[in-house]
Number of protein chains: 2
Amino acid sequence: MRKPTIQDVARQAGVGVGTVSRVLNNHTAVKGLTRETVLRAIAELDYTPNPHARRIAGGKSYTISVLLPVLTTEFYARLLDGLETAFQEARYDVAIFPLLDRSRLERYLGSHTLAYQADGLVMATYNLTQMFHERRLRTQQPTVLVDAYADNVDCSFMDNVVGGQLAGEYAATFSGALYAVWVETELDQLFTTRVFEDRRAGFTQAVQDAGRCVQAEYTSSFDTLAARNTAAALLDAAQADPAGLPCTVFASADLLAGALLDEVRVRSLTPGQDVRIIGFDDQPWAASRGLTTLHQPVESMGYEAAQLLLSRLGGFKGPARARRFEPRLIIRDTA
Amino acid sequence: MRKPTIQDVARQAGVGVGTVSRVLNNHTAVKGLTRETVLRAIAELDYTPNPHARRIAGGKSYTISVLLPVLTTEFYARLLDGLETAFQEARYDVAIFPLLDRSRLERYLGSHTLAYQADGLVMATYNLTQMFHERRLRTQQPTVLVDAYADNVDCSFMDNVVGGQLAGEYAATFSGALYAVWVETELDQLFTTRVFEDRRAGFTQAVQDAGRCVQAEYTSSFDTLAARNTAAALLDAAQADPAGLPCTVFASADLLAGALLDEVRVRSLTPGQDVRIIGFDDQPWAASRGLTTLHQPVESMGYEAAQLLLSRLGGFKGPARARRFEPRLIIRDTA
DNA sequence: TTGTATGCGTTATCAA
DNA sequence: TTGATAACGCATACAA
């Protein structure tokens, strides 16, 4: 059976197509009663507007392309949630371009689909911007950065420096040795982010300000095996040092904190007592494991990024804006 | 400046719009000369057809939705490559729906976008099909499975049983003990696949057929730390056993093989001599590390899946077809 | 083999 | 506030 069109709805409601269209788009106040009638007709016919027709008539694609690396899925799932919620509210489609690797990025940039496919671009990785600039791809479309910061571009970012500071301030309240585990900066420049550097900077600053110093710092790649080995090395050192325990460890990502928690347990040490642990990210398992960590308002960051872009699409011409979000310390059992 | 339309091209080429359209779609032989003229005009104007107009005029979306889990990115990047190549040739767009988690699946199924957005569906995970059936979502659209098999649905799949057999046959040619490491079946039912069970079945069969038996089997989750621990346990056992070395190990995924290779090196054993290793997947690093492994024609599998779907879209009405692809043993240094 | 005309389902413009 | 109607850019049936 044929899909109902706006014509069918208009007929059913006994109004003109224009009116239906206006209801659909929340246009200039359609009179309450008429609006009701139209909405009822829409419901009765189970009508869904044809997006393609809308696109050609409107001369826009009503689509936003989101370029995002596929890495720590949890984070990006939440980010997408925020983005999609906002865009759906504005009747925009979201086309996701998962950057599985560099060759796929090339593919997207090469394909002309971006030209027609998108009214705007969301880029969820810092270096992508650089790439766009380098390659003179100063994309025609309005662009917004999420979870990244750059001048002259709208962006919605997480203040990882503050996150690190919160961790540092809290860690400094505990007596005993202070340790920190950092994430090795990735080699792949495409997906490089500054988040870990930022967390480190904030933490170091806060610890210094508190007149404390870090006993030892460790670095691990973002990988369970490496994290576990690093945890073991850290605990070896702490246990060997007469003044090493109790100690407080800032693990700059929950993945690292989890590995440390495992290793602490294996050694029959008590988390939160012998070894206090502060993570970062508030992964889904963090609550059940009692991990003290920093929670990031990722959805809000995504939602706001979308709003920034939508305002550009709505004609906003002002200078680039930056929206800052702050992680929040969640105190649980481990510290 | 306005984007050129098909009208502009027709004017520039001195032909009718119909002719331009025909050239665009490789329709009924347009005379060679006319074709040339049109193509030149297209090039001169740097014309790109407006996909939205095409969609509404054609009454189709010319878009294929691809639902795929985001797991072993390497594999899916290659799979997408095969799919996109085929669909691009047929002037179909590909909309990717990365299933980061279950809630996102719900989102896709719930949103009406699939209805208009796709003429066909590619599903890259076995259980998705089940879900579609269970939820009576017997999708209106023609559907094809990739890297999965089911009755009554077109599918293009990798024969992991044969892959396991090849590994088993080759392993059986070596004297000494035989070991195997399997991947723990994932708990998340959504993304469950049968690939590891299949590899195991094939391997076991081949080893039995060769009159050999497996000394010991190990299971590991798909994770570097777990893999490394498993490798250590295996080598502990082998080294403790007077007849344990030299031995041959089938690691049913390169991730496991890599961890084993690391552990072998750490113990100053010689891969390919003390411990022969056969992996599975042929990851990008496999060649440089000399890993003997099974290579899967993933791109071809994707390409063929696309062809199956395209033939349905072209009106093919026959019964469900299944295209089978076989892994190929790549012998390098480790075995 | 090619050109012309019509239709696709919206949005936007202009009257009413 | 609403209805009628002209775009939007392409595919396709039909005519030439």
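Quick caveat, the model's predicted, so the values are computed rather than measured. Sequence lines set the chain letters: A, B, ... in the order given, protein chains first and strands last, and positions in each chain run from 1.
Side-chain contact between V146(A) and L79(A) is present, with heavy atoms from C-beta onward closer than 4.5 Å. Between Y303(A) and E89(A) the shortest side-chain heavy-atom distance falls below 4.5 Å. For the pair L68(A)/L80(A), a side-chain contact is recorded, criterion being any heavy-atom separation below 4.5 Å from C-beta on. Counting only heavy atoms from C-beta outward, the side chains of M158(B) and V195(B) never approach each other to under 4.5 Å. Inter-residue side-chain proximity for N50(B) and K3(B) is flagged as unmet; no heavy-atom pair is nearer than 4.5 Å. Taking 4.5 Å as the limit, some side-chain heavy atom of R35(A) sits within range of a side-chain heavy atom of N26(A). Between T34(A) and R22(A) there is no side-chain heavy-atom pair separated by less than 4.5 Å.
Contacts of S21(B) with the nucleic acid, taken as non-hydrogen atoms under 4.0 Å apart, include base atoms. Counting any heavy atom pair closer than 4.0 Å across all strands shown, P51(B) reaches no nucleic acid atom.
Note on the helix from dT1(C)-dA16(D) to dA16(C)-dT1(D): terminal axis deviation equals 40°, with five pairs used at each end and the result rounded to 10°.
Atom CG of L24(B) is separated from atom C1' of dC10(D) by 9 Å (rounded to the nearest Å). One interatomic measurement links the two molecules: CD of Q7(A) to P of dG9(C), which rounds to 8 Å at whole-angstrom precision. As rounded to whole Å, 19 Å separates atom P of dA7(D) from atom CD1 of I6(B). The separation between Y62(A) atom OH and dG9(C) atom P is 18 Å, rounded to whole Å. When rounded to the nearest whole Å, the span between NZ of K60(A) and C1' of dT11(C) equals 10 Å. Note: CG (N50(A)) to P (dG9(C)) measures 7 Å, nearest angstrom. Distance, R55(B) CZ to dC8(C) P: 19 Å, rounded to whole Å. Note: CG (D8(B)) to P (dG9(D)) measures 9 Å, nearest angstrom.
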Please list, for nucleotides 3-5 of chain D, all pairs of protein and nucleotide N/O atoms separated by less than 3.5 Å.
{"unit_1": "dG3(D)", "atom_1": "OP2", "unit_2": "G16(A)", "atom_2": "N", "d": "2.9"}
{"unit_1": "dG3(D)", "atom_1": "OP2", "unit_2": "T19(A)", "atom_2": "OG1", "d": "2.4"}
{"unit_1": "dG3(D)", "atom_1": "N7", "unit_2": "R22(A)", "atom_2": "NH2", "d": "2.9"}
{"unit_1": "dG3(D)", "atom_1": "O6", "unit_2": "R22(A)", "atom_2": "NH1", "d": "3.3"}

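Taking 4.0 angstrom as the limit, N25(B) places a side-chain polar atom (N or O) nearer than this to OP1 or OP2 of dA11(D).
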Extract all donor-acceptor atom pairs below 3.5 Å that involve side chains of residues 10-20 of chain A and protein atoms in other chains or at least two apart in sequence.
{"unit_1": "R11(A)", "atom_1": "NH1", "unit_2": "D8(A)", "atom_2": "OD1", "d": "3.4"}
{"unit_1": "Q12(A)", "atom_1": "NE2", "unit_2": "E44(A)", "atom_2": "OE1", "d": "2.4"}

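Listed nucleotides dT11(C), dC8(D), dA11(D) differ in distance to I56(A); the shortest reach to its side chain belongs to dC8(D).
A salt bridge does not link D119(B) to K60(B): none of the charged side-chain nitrogens sits closer than 4.0 Å to a carboxylate oxygen.
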